[in-house]
Structures are given as C-alpha cells and as structure tokens.
Amino acid sequence: MSNTSPAPAPAPSSASALYIYAITGSDHPLRLDGLRAVGGGSGALRVVTGGPLACVVSPAPPELRPKRRDLAAHQEVQERLMADGAVLPMRFGMLAPDDAAVMAALDGKRAEYVHRLGELHATAEFNLKAARSQDDLLREVLTESDDARRLNERTRDGGGTYADRVALGELVARQLDARRGRLADQVVGRLSEMARGKVVASPAGEDFLNASFLVERGRAEEFSRAARQLAQGYGAGYDFRLRGPLPPYSFVA
C-alpha cells in the first residue's frame, strides 16, 4: 500500500485498484451499511481480511482528488468504524493495487498492527491549534526587551545604520520564536496530564501551537472542558481551535 498526500493522485493502473480507509481487528463489527465510498456509490465498501486483521476498502476512483464530498466520505467511514472499536485510520489518498497487496501488507506487519490497535483501544484524537496576533507579540517584545526597544528607537523614521536594522530584525525574530515556543510548551504541559500521548507538529501562519492529544474516550468531555477553560484563561487576544474526537491519525505511523 502506498500513502499519498491530499494532492491529486495518479489514476490507478488497473480496474482492481483499491482505495484504503482503515485497518481494524477482524472481530470489529464493521458496520458499513449506508456509507458512501470515496468516488461515489453506495454499497461499494467491503472488507479484506487477513488473520486477526481487517482492512476496509472500496474500488479506487479513476481520478482521486481531495474533493469535499470525497473527504467527507472518507471521514464518515472512519468515524463509523471508530464508534465501534479500535481503528488505524489511513489518511486521504491511500491506494493498493489489489486484494493480494492488501493481504500481504496486513501479514507483513501483523504483530505491529495488532499491538497498535490494542494501544489505541477506546481512545480518540483531539487536535488543538492556537494563535496570537503577531502585532500583539511584537508590541510585547518592544515593551519588555530593552535591546529591542533601543534598536527600534534608533532605526525609527529611517534612522540608524543598515547593521542596526538587521540587528533589530534578527532580535525580534528570535524573541517572537522564543515567546511562541514558551506559549506552546505551557499549553501542552497543562493538557498532557489528561492525555495518553501527544504529538506536536509545526504550526502555520500566526499559530504558535499545533498539537494532537490521544485521549481515552471516557475522558473526552473532561479534556474538552479543560481545553476550553484553558483558552478562556488566556484572554481575548488568543485564538484557540479544538477539534475532536477524531480518528487517531497522528498516532498511526
């Protein structure tokens, strides 16, 4: 099986090519009735079984692109599976040439997949992103850093030397990175106590945090409540976005 990114994927090389949704235990209820397949079509979902493992698949569409309806279909299949038991969710775009390739993949990593399903039993992923305006952070740097304030005053209205302007830019960039890092560490540290695991990814844009937490399903509401209270404590100058419960994408290699 080969995992592609959400970019357009090449067309399958044969009519037997398969789209892969998730791996579960073969004893999973596998309730697939009524679910749409990626590429359209009801009743197209089926299961390939290999010993203690099962893989949910459907015929691969001739052109695999991250259209909204296909992303939604992919997510709906995984949420249904997750509601009934442990699941190793595949990201959008996983393909296999045929049933034989799927069975070989299941057999080749049987022990690893079975172990990971056990670890993920009764868990879900929560993803938390957080941002703070760069303008707010910059004002904080210029208020609290004597060196930054002196350089800013020296270079104001075109004054100072080229070296002064470079020094100011480098100092501010370091200070912004350090402050974002401290904020991220604070948030992750406070929420990690309620999670079985965490994965911290590189944030984008003005975000200072992009972290995923593996949470026991029985503590999902407690975790959500703690995240909301934490966000409120940081005040109006921050933007916290919590998503979950989700299939544990970040905790499946």
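Hydrogens, waters and symmetry mates are skipped; everything else that's a heavy atom, side chains included, is used.
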Connected via hydrophobic side-chain network under 4.5 Å: [X] and [Y]:
X    : Y    : result
L246 : L214 : no
M90  : M103 : yes
L71  : Y249 : no

Residues D84 and R31 bridged, charged N to O under 4.0 Å: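 Salt bridge: yes.
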Under a 4.0 Å N-O cut-off, is there an ion pair linking K67 with D70?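 Answer for the salt bridge query: no.
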What are the two closest non-hydrogen atoms of [X] and [Y], and how far apart are they?
X    : Y    : answer
A22  : P89  : CB-CA, 4.1 Å
R36  : A72  : NH2-CB, 4.2 Å
A184 : L209 : CB-CD1, 4.0 Å
R217 : A124 : CD-CB, 3.5 Å
L242 : S224 : CD2-CA, 4.0 Å
N210 : P203 : CB-CA, 4.1 Å

Using the test salt bridge (Lys or Arg N to Asp or Glu O under 4.0 Å), find all partners of D185 that sit at least two apart in sequence or belong to another chain.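 Expected list: none.
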Quick one: list whatever passes salt bridge (Lys or Arg N to Asp or Glu O under 4.0 Å) with R225, sequence neighbours left out.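 Partners of R225 by the salt bridge (Lys or Arg N to Asp or Glu O under 4.0 Å) criterion, ordered by chain and then number, come out as E221.
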Say you draw a straight line from [atom1] of [X] to [atom2] of [Y]; how long is it, rounded to the nearest 0.5 Å?
X    : Y    : atom1 : atom2 : value
T49  : L106 : OG1   : CG    : 8.5 Å
L117 : I23  : CG    : CD1   : 7.5 Å
R80  : L35  : CZ    : CG    : 4.0 Å
L53  : E112 : CG    : CD    : 11.0 Å
C55  : L88  : SG    : CG    : 9.5 Å
K198 : E193 : NZ    : CD    : 10.5 Å

Do [X] and [Y] touch side chain to side chain, with heavy atoms closer than 4.5 Å?
X    : Y    : result
V187 : F240 : yes
L18  : L95  : no
V200 : V188 : yes
L30  : V56  : yes
V57  : V47  : no

D207 and R241: CA distance, side-chain angles, deciding distance, side chain to side chain contact (heavy atoms under 4.5 Å, CB included) verdict: CA-CA 10 Å; D207 286 352; R241 290 101 64 203; 2.9 Å; yes
Will you find, in the side chains of [X] and [Y], an N or O donor that is under 3.5 Å from an N or O acceptor?
X    : Y    : result
Q186 : Y234 : yes
E125 : S212 : yes
S58  : Y21  : yes

Checking side chain to side chain donor-acceptor pair (under 3.5 Å) against Q78, which of Q75, E76, H74 comes through?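 It is H74, the one option of Q75, E76, H74 that forms the side chain to side chain donor-acceptor pair (under 3.5 Å) with Q78.
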Any donor-acceptor pair under 3.5 Å from [X] side chain to [Y] backbone:
X    : Y    : answer
D239 : A130 : no
H28  : L81  : yes
R116 : F251 : yes

I'd like to know whether CZ of R243 has more than 12 heavy-atom contacts from other residues, nucleotides or ligands below 6.0 angstrom.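 Atom CZ in R243 is not crowded, with 12 or fewer foreign heavy atoms closer than 6.0 Å.
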Within 6.0 angstrom of M194 CE, more than 12 heavy atoms from elsewhere: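 Atom CE in M194 is crowded, with more than 12 foreign heavy atoms closer than 6.0 Å.
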Can you pull the ring pair (Phe, Tyr, Trp, His ring centres under 6.0 Å) pairs that have at least one residue in residues 174-214, sequence neighbours excluded?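 For residues 174-214: F213-F223.
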For the pair F126 and L191, evaluate side chain to side chain contact (heavy atoms under 4.5 Å, CB included) and give the outcome as yes or no after the intermediate values. CA-CA 11 Å; F126 283 81; L191 293 177; over 6 Å; no
Hey, which of R219, E119, E216 is the one that makes side-chain contact (heavy atoms from CB on, under 4.5 Å) with R196?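 The single option meeting the side-chain contact (heavy atoms from CB on, under 4.5 Å) with R196 is E216.
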Output, in order, the C-alpha distance, side-chain angles, deciding distance and verdict of side chain to side chain contact (heavy atoms under 4.5 Å, CB included) for V77 and V38. CA-CA 9 Å; V77 171; V38 168; over 6 Å; no
